[in-house]
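Some notes on the structure that comes next.
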Amino acid sequence: MSISTLHCVCNIINPCRNELASSFILVQWIISGVASFLNFVRPIWNFIGIRAQVELNEEDYNDTWMYMPDGDGEPQVAYLVEPPPDDNRNEEPQFIQFEYYSSSNPSEPVINNVWMNEGDVPTRHKRDTWEEMAEKFNPALDTKILVHGWKSSTQSNSIQSIRGGYIKRGHVNVFAINWRDQADNIYYLRPARYTVQVGRAVAKLIDLLVEEKNADPKRIHLIGHSLGSHIMGYAGSYTKYRVGRITGLDPARPAFEDCIGPENHLDRTDADFVDVIHSCAGFLGFKNPIGHVDFYPNGGNPPQPGCTEISQIFTGCSHGRSYEYYAESINSDKGFYAVPCGSLFDVKGKNCTGEKILMGDPTPTTAEGIYYLKTSNQSSFALGMDYK
């Protein structure tokens, strides 16, 4: 990916994790001919009301544009360049939402609007429902905080599948962070910038739970998909209290993996234990290991096309498989058993041996290293202990 075109978030936010830059970095627009397949995708844009601002030349794929799945796994065009100066979409989203789901009443979450002030620190609105949320929160239970990625919301499969798994199991506090207004932008760099602000908001939620409800931060587990993985990394670094675990579900690669330094993305310093599922490694998701334990299902790709080839992008995208695997793992009878590998080279060659551990919700927090596993190519994905 061309760094001259797609700037790292760490070069856009200055300094990283502390202060938003006062101005955007403007780059030269790349003007070129219409790609051979433009006539195929234009009706889709017209149908959903999107007017193309960047020419979609096939040779510029992964440079100025690419397909990314939304929170329901549907491929969408994402522009990897700065928006035009007159683009006002989501210029100043006013708030995000905290949604609390209790096992006793999972169909009616308590929703708390968190408004963002000029200092990027969330403030509670006078009409918020924090008191009601705090009353229902049970500090004696484990707490799961979920956050979605690009062009998604808390109603997306990436959140609902995991939320549903935990509610089915019961005896747990579940929060979902809805930053849909910031995430819903075809210019990918804007949502990427907002990961810092949303991460600060999640950190504030953690602080409130610990200070006002006596929650144990070691029993708080942050789970994020794609851009949401980095949100949880920022949350873990901003909170006053070190959380027990962060799970990154295929952490977003564009504008993050080429950044220098762990402070610019989710990494193992952000919690006592960080586990990562790499399901589209090196393309939409991080290739390199960044957690205490990193899982590479099927070598980091699905057992069928859809991760790398434009012509096959509509057959399914493995970027979303990460949250499908995780959601299934919560109540799976078979389990996702993974075998340790010495390196990513061994992962690619499937040259891995040793004692297997479970991937997903039941991953032991004492685990370390890189792991490989096989999955089915359709739900149910888990193959159990004795897969071939």
Side-chain angles (χ1 to χ4, degrees), residues 9-10 13 15-20 96 98 114 120-122 139 142-149 158-159 162 172-179 182 191-211 213 215-253 255-257 259 261-278 285-286 288-295 322-323 326 360-361 363-368:
V9 168
C10 58
I13 300 173
C16 291
R17 299 197 181 192
N18 288 293
E19 181 180 356
L20 292 182
I96 65 173
F98 297 156
V114 178
D120 297 329
V121 178
D142 290 339
T143 297
K144 309 292 182 179
I145 304 179
L146 318 178
V147 68
H148 59 82
S158 58
I159 294 294
I162 298 174
V172 66
N173 299 298
V174 178
F175 288 90
I177 310 301
N178 200 344
W179 64 295
Q182 294 85 358
R193 290 188 182 98
Y194 274 112
T195 57
V196 177
Q197 292 172 281
V198 180
R200 285 186 171 185
V202 176
K204 181 63 175 179
L205 172 63
I206 296 168
D207 294 346
L208 289 171
L209 292 175
V210 174
E211 295 169 357
K213 292 298 297 181
D216 181 355
K218 302 307 180 185
R219 299 185 67 179
I220 294 178
H221 181 188
L222 312 181
I223 305 166
H225 174 241
S226 192
L227 285 178
S229 298
H230 302 305
I231 287 174
M232 292 316 201
Y234 291 126
S237 65
Y238 277 129
T239 179
K240 302 174 189 176
Y241 309 95
R242 189 167 178 82
V243 298
R245 180 180 176 186
I246 298 177
T247 297
L249 304 176
D250 214 33
R253 174 181 176 267
F256 287 93
E257 186 159 32
C259 292
E263 69 276 6
N264 302 308
H265 53 72
L266 173 67
D267 76 283
R268 61 189 291 155
T269 69
D270 295 325
D272 285 346
F273 178 71
V274 175
D275 57 309
V276 180
I277 298 176
H278 301 263
F286 261 59
N288 294 317
I290 54 176
H292 293 92
V293 59
D294 291 77
F295 296 97
S322 56
Y323 67 76
Y326 189 89
D361 176 75
T363 294
T365 57
T366 56
E368 284 273 354

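Owing to the predicted nature of the structure, the values given are computational and were not obtained by experimental measurement.
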Open item on the list: Quick check for you: to the nearest 0.5 Å, what is the distance between Leu249 atom CG and Phe295 atom CZ?
Closed with: 11.5 Å
- [ ] Heavy atoms only: give me the nearest Asn264-Tyr234 pair and the separation to one decimal.
- [x] O-OH, 3.4 Å
Task: Reported CZ-to-OG distance for the pair Arg200 and Ser237, which is rounded to 0.5 angstrom - done: 9.0 Å
TODO: Verify, without hydrogens or angle tests, whether His230 (side chain) and Ala252 (backbone) share a donor-acceptor contact under 3.5 angstrom.
DONE: yes
TODO: Considering non-hydrogen atoms only, spot the tightest contact between Asn288 and His278 and give its length.
DONE: O-CE1, 3.4 Å
Open item on the list: So Glu211 and Tyr241, do their side chains get closer than 4.5 Å, heavy atoms only?
Closed with: yes
- [ ] Could you walk me through whether Leu227 and Val198 pass side-chain contact (heavy atoms from CB on, under 4.5 Å), step by step?
- [x] CA-CA 11 Å; Leu227 285 178; Val198 180; over 6 Å; no
TODO: Hey, could you give me the OH/CD1 distance between Tyr326 and Ile223, rounded to the nearest 0.5 Å?
DONE: 3.5 Å
Open item on the list: Quiz question: by atom type and distance under 3.5 Å, do the side chains of Thr239 and Asp207 form a donor-acceptor pair?
Closed with: yes
Open item on the list: Using the rule given for side-chain contact (heavy atoms from CB on, under 4.5 Å), can you reason through Ile231 versus Ile177, listing the C-alpha separation, both sets of side-chain angles and the distance that settles it, and then say yes or no?
Closed with: CA-CA 10 Å; Ile231 287 174; Ile177 310 301; over 6 Å; no
Task: Ser322 versus Asp250, closest heavy-atom pair with distance - done: OG-CB, 3.6 Å
Task: Derivation of the side-chain contact (heavy atoms from CB on, under 4.5 Å) call for Thr363 and Arg245 - done: CA-CA 11 Å; Thr363 294; Arg245 180 180 176 186; 3.8 Å; yes
Open item on the list: Can you confirm whether or not the ring centre of Tyr323 sits under 6.0 Å from the ring centre of His148?
Closed with: no
Task: Approximate separation, where rounding is to 0.5 Å, of Tyr194 OH and Ile96 CD1 - done: 11.5 Å
- [ ] Determine the minimum heavy-atom distance between Val147 and Ile159, stating which atoms define it.
- [x] C-CD1, 3.6 Å
Task: Minimum heavy-atom distance between His292 and Arg268, given as atom pair plus value - done: CE1-O, 3.1 Å
Task: Interatomic spacing from NZ in Lys218 to CZ in Phe273 - rounded to 0.5 Å - done: 14.0 Å
Open item on the list: Return the NE2 to CG distance between His221 and Leu146, rounded to the nearest 0.5 Å.
Closed with: 9.0 Å
Task: Verdict with supporting geometry, Val274 and Asp267, side-chain contact (heavy atoms from CB on, under 4.5 Å) - done: CA-CA 7 Å; Val274 175; Asp267 76 283; over 6 Å; no
- [ ] List the atom of Asp294, the atom of Pro289, and the distance in Å for their closest heavy-atom pair.
- [x] OD2-CA, 3.3 Å
- [ ] Using a 4.5 Å cut-off on heavy atoms from C-beta on, say whether the side chain of Asp361 contacts that of Lys144.
- [x] yes
TODO: Apply the side-chain contact (heavy atoms from CB on, under 4.5 Å) test between Ile246 and each candidate in Val276, Leu266, Asp275; give the one that qualifies.
DONE: Leu266
- [ ] Report yes or no: does Lys240 contribute a side-chain atom to a donor-acceptor pair with the main-chain N or O of Ile206 at less than 3.5 Å?
- [x] no
- [ ] Find out whether Phe286 and His265 are in side-chain contact, i.e. whether some heavy atom of one side chain is under 4.5 Å from a heavy atom of the other.
- [x] yes
Task: Side-chain donor or acceptor of Ser229 paired with backbone N/O of Gly224 under 3.5 Å - done: yes
